[in-house]
Structure formats: structure tokens, C-alpha cells
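Working notes, structure below.
None of these values were measured; they are calculated from a predicted model. Chain naming here is simple, since letters A, B, ... match the order of the sequence lines and numbering starts at 1 in each.
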Amino acid sequence: MTDYKDTLNLPRTAFPMRANLAQREPKMLAAWQEQDLYGQIRRASEGRKPFVLLDGPPYANGKIHLGHAVNKVLKDIVVKSRTLAGFDAPYIPGWDCHGLPIELQVEKKHGKVGRKLDARAFRQACREYALKQVDSQREDFVRLGVLGDWSRPYLTLDPGFEANQVRGFARIIERGHLQRGYKPVHWCLDCGSALAEAEVEYRDKASVAIDVLFTAADPAALNAAVQAATGQDPGGAELPVGIPIWTTTAWTLPANQAVALGPELEYGLYEFAVEDQRQRLILAVELAADSLSRYDARNISQISVFKGEDIKGILLNHPFAERQVPVIAGDFVTLEAGTGAVHIAPGHGEDDFAAGVANELEIYNPVGADGVYLPGTPLFEGQHINKAADAILEVLTQQGCLLNREPYHHSYPHCWRHRTPLIFRATPQWFVNLDQQGLRQQALASIESVRWIPDWGRERIEGMVAGRPDWCISRQRTWGVPIPLFIHKVTGDIHPDSPALIEQIAERMDSEGIEAWFDLDPVDLLGEAAADYEAVKDTMDVWMDSGMVHFCVAQSRPEVAAPVDLYLEGSDQHRGWFQSSLLTSVAMFDRAPYREVLTHGFTVDEKGHKMSKSLGNTIEPQKIVNSLGADILRLWIAATDYRAEMSLSEEILKRVTDSYRRMRNTARFLLGNLHGFEPDSDLLQPDDMVDLDRWAVARASRLQAEILQAYGDYEFHRVYQLLHNFCVVDMGGFYLDVIKDRLYTTGADSQPRRSAQTAMYHVAEAMVRWLAPILSFTAEEIWQSLPGERGASVLLATDYPFPAAEKLSIDWEQIIGIRDAVAQVLEPLRAAGDIGSGLEAEVTVYAEGTSLAAMQSLGDELRFALITSAAAVLPLSERPESAVLAGEQWVVASASADAKCVRCWHRRPDIGAVASHPDICARCADNVAGAGESRQFA
RNA sequence: UGUCCAGUAGCUCAAUGGCAGAGCACCGGCCUGAUAAGCCGGUGAUGUCAGUUCGAUUCUGACCUGGAUGACCA
């Protein structure tokens, strides 16, 4: 028997089945770097329609985690898919480099500012630390296959950035949004600084709740007020009377300036006895019973009832300070807890502050930056507020004003870095005022012009902007961009020429960065007037840094000038970067800095629980990359619907790896069978192609439309599903299976084979582009194995232009349905051991209508489509008793009685028809020694 | 405690006021000319409870679970 294997065209390719991504990817990265792929793409994209994604800067501290990977890879998929779609899509990554966390790291090593290092050296240490972090994070991002201008990222510590930031700040001042305020702000004693809203988190805290008595300064006046309200003299003028307040922050009592009652709430005057001492208290009616039981009161009687408003203005004795404080009305007073009377320290609370302003109280703050009562504070001067609690309670007890104390658990604001309780402390701070120039309203209007994806993002940010307080932008820290202002020593006003002065400062900062401000001799700028002014020592909130990226980066990199097309971050950035960027942009330019804002969810484990170190359920991206490869991680990110939580587990990674292999293998099969195909000479025109091959091209072309749509809609999980199903169902399950016979057995340069190769070539060219944004490494590997002249990288190409669709002769969807039906009928034969492969069977299909027509037009080539040795088709009316119903048609199947062709494995009656080739069928003989067969349909 | 989002087979995703689809996984089989592959067949699901409706996975409400975010001030 002649060995005919040599006469077959079996697949050949150097493209390996095993990906070995962990080893292969770094080499590919080196090659990309070597050839400056990013730069090449920029040059190739010149003049195209721009699509700009502005990178939200990660904070330069710590190793990147899964969330970072998700964010950067999503951005990368967007940028690459837009590049392939023919846009000029630059990507300039950036880092957020100033701020407290870096200071804390440096403090760990060098101690606080002024101990081992002076401020200047400390800042230098911060700078060095941040740059080191940037380097390490950059390495990890690059390893993920994220393509961008990594050699020239933007850093908020770049002198140019810092200079532009103060220029932006000047613009905000010019437009009237800056305000200097003496207001209570969240203050972290460990930071020694004010905090922004975004830096506050609420945690449970165990406090001591106390009831403190404020005695009436003039009981007769109180009685008179009650009588005026109720029409009855309450009497009992000889008894002690007062109003008890309830508080969990005893340390604020030294700053007390008033007691607030709800103006519309009902209060009662109660008389009772404690240890046989009769006395009177005013309490909210609803809270009276609870409160009086706390005080062990007996023989209680309610003397009268009135509204809080009725005793407004009555004076009370401060429990220990030498002053009297008024009763005021406060709408914010509720009946949730306490006594219905709220102690007001305008220097230590927001409501308190507002009440203080409304009632012309002193905004008194006796607490220093370090939490110690300032010199001159009666009784407690020099004590730390956390330690003074006992002393305060003791004083209250001595004064007979401590009615009750008990432990109390509540949630309380904490510093999100130190996790320590915050205090409210009135200090002079700088604010971006949301209302004095209509910033809030304009911001809300700008939100309307932005497309928010998912759309609930709009409501979220609207609610936040509508409800937020003024933005406290000053920090009393070392590592940050200075607030470059001069304050008049007498009037407290900023220098009238501030914008111009800031420009002069910015010019110095262009080269020297923030040190230019700290080194500045005010005389150089202000001349003789310098003596009248004081330089501000505060730094800016780092949210100002990142919030001004849209302005600062564009000054040196005009290709990303605002407004940009897209911001893409985690959904937590509605309160963070999206908002800070919006506010600065509206403050400077009256418009949003972005057209679209896309958010993604957070990573969770397989049970849907968030990943955290304490739960021990974190998965490190570095680990995945170094074992499975970056493409596997990228595929997971693409395959997951990022609008909700994104869950990751060992099983999920396994599934992702499996589907990766399937796609890779499909590509490998295409490449293996494109062996020897030179598109320049071998590519057939659609007219010359076998009908099935034209179907494959048409199918791929239709799919491409869907895939591009999905990319355009940022629905990458749809891209993945479409791609994977195409590989499995259309290609593996049908087309590639069917054309194997033709590829292998017909002549290498024959029309039937070239036709199939032409189709596969089109499919491969398109598919490598579909894959490229997601499986960047693998796509590049495929690209390099594809035949034909091509550029250095798939990313230098644009979406594949399919040849114009030709009308098909066969309704292939019908044929696919019949194929499934035949497979069902073949299964029992196989189970019975009558046949093994489908080529051992012959079938007759009985059908009517369109499916009959489809099969009839295939004629003799039906058997190739069904992958059986013989296939006949007859009208339904002729079906015999033995026919089996499968789907809509009836099938008769049996094992073929014919001999097997050793070459093509079909069972044919014409084996040996050509005498010189006794072991092969006539078709094979023709292909081996004759003119070669021709195919029209399959 | 408020608001928002999500909950569809073991996993990843679909869909619809009218029999809930796909792929993977799993089970069974085939092939050995994609072979640490490939092909065929099969099993399997709407978080819970009510309501509206002829009919609800879809609409409404409550609850549960998870996530995000805000308020919690005295």
C-alpha cells in the first residue's frame, strides 16, 4: 500500500499550542519597547480623529493590586480598540505624588518634620520616595501589557505640573471662588491637619455619653417666659431649675456658647426629687421619661408644656466657665437621643457653627492643632482633649452638673489614613466656595452635558455636588503644592495683585517646583510692602492636584487637552476624582472636563465578598501574571461585566484559561492551514470561491460589526462572548470541521483549497484585530505568524476591511440545522457500535420546503457538509417507515458497506477505480494524479 | 439607618409580560490528519415571600445576600 500521507496538506505552523505566556510576554514587551511601539502608533495615527482618555492618577504608594490592574487594563482595552477603529488615541499615564500617605512613609523612616530632617530635606525624601513608587508601579503596569507613554508619564510632582497647578489656582481666585474661612473642619490630631470630606470615614467608636445640667441664670425670667407661653405661672421659684444637655464629646464643653432647643418641639417643665432634693428641669416631652429615669428622679410631675421657641433667649449658667449662655432655636435638634437640648460649641461642629453664626455667638475654639487646650483656656489649659475628659467630669461633678454618665457606642468620623477619631475644630482655612459665584449650580448644569456610564452615575454625582459643603482645600502639611498667597497682617485680606503675583511665582516653579515658594523672599515680589504681608504656609489638598490634571497636563501635552472624551475609574471616584475634576474645571472654564465618564465596580471573591487583606481573600495580579500570564488576567477583565462587582477565584481563572486555550487553538488551526498561502498570489476573489467559504467570510464580517459595536459601547464582555462563541460554534463546530477534508485532500494550489485558505485568511486577519485590545500579547504573536507583508505590530493596523459580501447560493443556516439533526440520528448507531466516525456512515435526509431546497442545491457536495461518506436528499413524501425524526427532517442513517479510502478516509464504492491507485477513491486519485477535483459549494 | 447597584445552571454571559438561550465545566461517546488537541450527544438555572396579571424571571412591594455611597450631629 502506497503511503499517501505525503500527498496530503496537513497543517504546519511554528505557532505553538502551549502559550507559555509567563515566559513569552516579557520578551514581547522588550521588543515593543525596543521598537518604540507607542511612538510608532502615535506617528501612524497623526491626523486621525482624536479620542482622548485621560488617565486618573493612582496614588504613588505601594504595590499595585487587582483593582489597579482592572482599571488600567480597561483603559488599555479602550485605547487599543479606538486605535484599531482608526482614532488617534494617546494614552499618557500619570501618578498622584503629593500628600499625607507618602509623608507617613517618610516619617516612618526619618521621623516627623523638624526632628531629623528639616522641611526641605523632608520634602526631598518624599520626592525620592514617590519616584521610587512610580517606578515600581510602572513596571507592574507595563508588564500587564498596558501600552502608553510610560517614558514620559505625568507626575503631580513635576515642577511644570506644580507650576501649572498654582496657575490654575490663580484662575480660580480670579473667578471669585476662593474663600478664606474660619470654620470648623474635620481635623485629624495625628495628621495635625484639616481633612477633606473625602478623607473622612465613619467607624464605630465607644464614647462616654453624659448629661450635663445648665442651670437657669435667672429662674424668675424662665418662669416668666413659661407663663407668657402657657398663661400659667409655673411657680416653684425657690427650686433649682435648669436644662440638661446630652453629649458624647465632653471635651467640647469648654467651648460651649449656647444651648439649642427645637423651636417647634414640645418641651415640658418637670418637677421631681433626687435623693429627696426637689428640683426642676426642662426636657423634651418625648424624651423626658427616659432622661428622668437616667437621673433616678422620683415623684415626677409635669408642671407645664411649651415649645422650644417660647424660652428662646433665656440665659443659662455655663457649668464651669464664668459665663452665661443663651437658649437658642435650632431646627436641627431632633428627638432621637438625649434630652432635646443640644449643647452648642460653634468652634466644634457644623450645625453648631451655623447656629453660632445665626445667633451671633463667638466662634470659640480653645483647642490647638495638636489637640491640647490653648494657653488661656480656663481650668484645662495645656491638657490634651483625650486626657482632659476625666478632669472635665470631675469639675462637672464638683459643680453638681453631671446628671449621668454611661458608655455609648456610635459611629464617628475617623481619619481614613490613621483610623483615629477626628475632631471638629474651627481654624482659618481656605475654601473653594460652592455658592458665592454659582459654582454649584454650574457644576450641576455641566453634569447634564456628560454621558455617565452606567447612567446611575449621573444621579450619584448630582446628589453629591448638590449636598456637599464648601471644599476645604488647605492642609497644614509639608509635602504638597503650596497655597501661594500673601495675607495682609492687619486686614487679613489676600494681596490685591494675587493672580499676577502667582504667575511670577509659577514662573519660578516651572523650573524649581514647589521649593521656589518655600525659598522665596517676599521682598523679591512685594518690595517694601513685604513687611505688611505674611506668606501662607498651608499646602493644597491633594485632590486639588489630581483634580487639576485636566488643566496641568494639557499645558505641556496638548494632545490631551480638555475636554477629553473619557474618564474611566472605579465607582468610588464619584466622590473623588470625577468630582474634584468637575469642580476645578467648572471653576476655571465653566464646563466639565470630560464628555463621558465610565465607572467600573470593585473586585470581589467568588462569594461576592470584597477582597481585603484581613479576610485573606486577595488575589495579587503579579501572581497571576507570573504564572498564567498577563493575557489571562486581561481576558478575565474583558470577560467580566465590570458594571457590577467583578468576582475572581481559582475556578474563574481556570475557566478563563480554558477559553483562552480555545481561542488560541482556533488561531493556531487557521495559521497551520494557511501554510504555503501567499495572499498576494493565492488570494481568490469572492466570485471564485466555494460557497461555504464565502459564507465563512460573510459570517465573520457580520460578527465584526457586532464586535466593533460592542467595543464602541465599552461592552467588552460581549466582545468576549461573541469571539469565544465564534471560535467554538461557527469555526470549530462547523466551518473548520467541514473544510478539513478539502484542505487536506485537494491539491495544495487547487481552487478548492485556495478558496478555503482565502476564507481563513480573511477570518484570521480580522480575528487578530478583534483579539488585539484584549489579548494583546497573543494577538501580536498571531500577527507575526500570519502570511503576507505586514507592519511590525497588529496595533499599527486598523480594523480589517472584508471584501464586499457576495450573495450566497446556499442557505447555510439550514444546512447547519440539518447537520445537527444528522448528528442526533448518528448517535444511536455509534452507541450500538455500528459506526465510529461520521465518515463510516451514509445518510438519506427527507425534507421539504427551504431545507429540502438548500440540500438539493448542494447536490453531490452535501456529503462534505455533513461529513459523511454519502448523503442523499429526498422529498418528505418518500420517507420510509424506518426514518427517524430529527428536528424538522427525517433521516435514515446506516453504516456504509463500502471500503475505506486510505487517503481521505471516506467510504466509497469507487475505491481502486484508477488502477494505478488501488487503495484510494476516484476523487483522491484525481487529486493525486489527475486534474484535481473542483468544488462549487462545500 | 437612608439611597443606589446587583442577584438567571458549578463558572462567565444572554433574553423576554407568553415553552429561560449560549459557551465553558460536568457526564457519556467518537476520533487519533488541530493531539497537553478536535468532534458528537446529554444533564443542569431565574435569591425568598407576597401583589398586579389569563400568564411574572421580567412590573410593584417587602425581605435576604453582597457591593457602592451617604447620613449618623449633639
Base-pair map of RNA chain B as dot-bracket, where | denotes pairing with a different strand and pairs are Watson-Crick or G-U under 3.5 Å
(((((((..((((....[..)))).(((((.......)))))....(((((..]....))))))))))))....
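For A/Phe677, the ring-ring contact (aromatic ring centres under 6.0 Å, His included) partners are A/Tyr761, not counting sequence neighbours. Residues satisfying the ring-ring contact (aromatic ring centres under 6.0 Å, His included) criterion with A/Tyr714, sequence neighbours excluded, are absent altogether. In this structure A/Arg664 satisfies the salt bridge (charged side-chain N to carboxylate O under 4.0 Å, His left out) test together with A/Glu781, sequence neighbours excluded. For A/Tyr660, there are no ring-ring contact (aromatic ring centres under 6.0 Å, His included) partners two or more places apart in sequence or in a different chain. Residues satisfying the salt bridge (charged side-chain N to carboxylate O under 4.0 Å, His left out) criterion with A/Arg643, sequence neighbours excluded, are A/Asp641, A/Glu715. With sequence neighbours excluded, the residues satisfying ring-ring contact (aromatic ring centres under 6.0 Å, His included) with A/Trp577 are A/Tyr567.
Spacing between atom CD of A/Glu462 and atom P of B/U69 amounts to 19 Å, rounded to whole angstrom units. For A/Glu569 and B/A68, the CD to C1' distance is 16 Å, given to the nearest whole Å. Whole-Å rounding puts the A/Asn617 CG to B/G67 P distance at 10 Å. Rounded to whole Å, atom P of B/C11 lies 15 Å from atom CG of A/Leu653. To the nearest angstrom, P of B/A34 lies 17 Å from CZ of A/Phe734. Per the geometry, CD belonging to A/Glu606 stands 16 Å off P belonging to B/A9, to the nearest Å. At whole-Å resolution of the value, CG in A/Leu422 and P in B/A71 are 13 Å apart. Rounded to whole Å, the distance from CE on A/Met17 to C1' on B/U32 is 13 Å.
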Residues 644-651 of chain A, side-chain donor-acceptor partners within the protein, below 3.5 Å, at least two apart:
residue, atom, partner, partner atom, Å
A/Ser649, OG, A/Glu651, N, 3.4
A/Ser649, OG, A/Ile652, N, 3.2
A/Glu651, OE2, A/Arg655, NH1, 2.9

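For the P atoms, the distance from B/G23 to B/A50 is 35 Å, rounded to whole Å. Across B/G61 and B/U52, the matching P atoms stand 15 Å from one another, rounded to whole Å. B/U65 and B/C26: their C1' atoms are spaced 27 Å apart (whole Å). For the P atoms, the distance from B/C27 to B/U32 is 23 Å, rounded to whole Å. To the nearest whole angstrom, the two P atoms, one in B/C63 and one in B/G2, are 8 Å apart. Atom name C1', nucleotides B/U58 and B/G10: the rounded distance is 25 Å, in whole Å. Look at the C1' atom in both B/U1 and B/U60: the space between them is 24 Å, to the nearest Å. For the C1' atoms, the distance linking B/C13 with B/G17 amounts to 23 Å, nearest Å.
The nucleotide whose nearest atom lies closest to any side-chain atom of A/Asp572 is, among B/C39, B/A68, B/G66, B/A68. When the nucleotides B/A37, B/U69, B/A36 are ranked by their closest atom to the side chain of A/Asn665, B/A37 comes out on top. Considering only the side chain of A/Ala823, B/G41 comes nearest among B/A36, B/C13, B/G41.
Under the salt bridge (charged side-chain N to carboxylate O under 4.0 Å, His left out) criterion, no residue pair touches residues 597-606 of chain A, with sequence neighbours excluded. Residue pairs meeting the salt bridge (charged side-chain N to carboxylate O under 4.0 Å, His left out) criterion with at least one partner in residues 731-740 of chain A, sequence neighbours excluded, are A/Asp737-A/Lys740, A/Asp737-A/Arg819.
Panel note: side chain A/Arg668, backbone A/Phe15; a donor-acceptor pair is recorded below 3.5 Å. Put simply, the side chain of A/Thr640 never gets that close to the backbone of A/Ile637: no donor and acceptor are under 3.5 Å apart.
In terms of phosphate contacts, A/Lys740 brings a side-chain nitrogen or oxygen within less than 4.0 Å of OP1 or OP2 of B/A34. Contact annotation: A/His717 side-chain N/O to B/A14 OP1/OP2 distance is under 4.0 Å.
Place A/Thr248 and A/Arg668 on RNA chain B by their nearest nucleotides, and A/Arg668 ends up nearer the 5' end. Along RNA chain B, the nucleotide closest to A/Ile245 and the one closest to A/Lys610 are compared, and the more 5′ of them pairs with A/Lys610.
Within residues 641-648 of chain A, the residues having any heavy atom under 4.0 Å from RNA chain B are, by residue number, A/Asp641, A/Arg643, A/Glu645, A/Ser647.
A/Thr249 comes within 4.0 angstrom of sugar-phosphate atoms only, judged by non-hydrogen atoms across all strands, and of no base. Residue A/Thr252 is out of contact with every strand shown, counting any heavy-atom pair closer than 4.0 Å. Within 4.0 Å of A/Asn673, counting heavy atoms only, lies no atom of the nucleic acid at all. Heavy atoms of A/Arg12 sit nowhere under 4.0 angstrom from any nucleic acid atom. Among the protein residues, A/Ile652 comes within range of the sugar-phosphate backbone only, with heavy atoms under 4.0 Å from sugar or phosphate atoms but none that close to a base. At a threshold of 4.0 angstrom between heavy atoms, the contacts of A/Lys607 with the nucleic acid are absent. Here A/Arg460 lies in heavy-atom contact (under 4.0 Å) with a base.
Under the 30°/60° scheme for interplanar angles, the aromatic rings of A/Tyr711 and A/Phe716 are found to be tilted.
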Expected string for nucleotides 21-31 of chain B under the B/S/- scheme (protein heavy atoms, under 4.0 Å, primed atoms plus P, OP1, OP2 as sugar-phosphate) is -BSBS--BSSS
Report the C-alpha separation of A/Asp631 and A/Thr778 in whole Å, then their side-chain angles, then the decisive distance to 0.1 Å, and conclude whether the side-chain hydrogen bond (donor to acceptor under 3.5 Å, both in side chains) test is met.
CA-CA 7 Å; A/Asp631 267 1; A/Thr778 303; 2.6 Å; yes
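Using modelled atom types and a 3.5 Å distance limit, the side chains of A/Arg718 and A/Gln709 yield no donor-acceptor pair.
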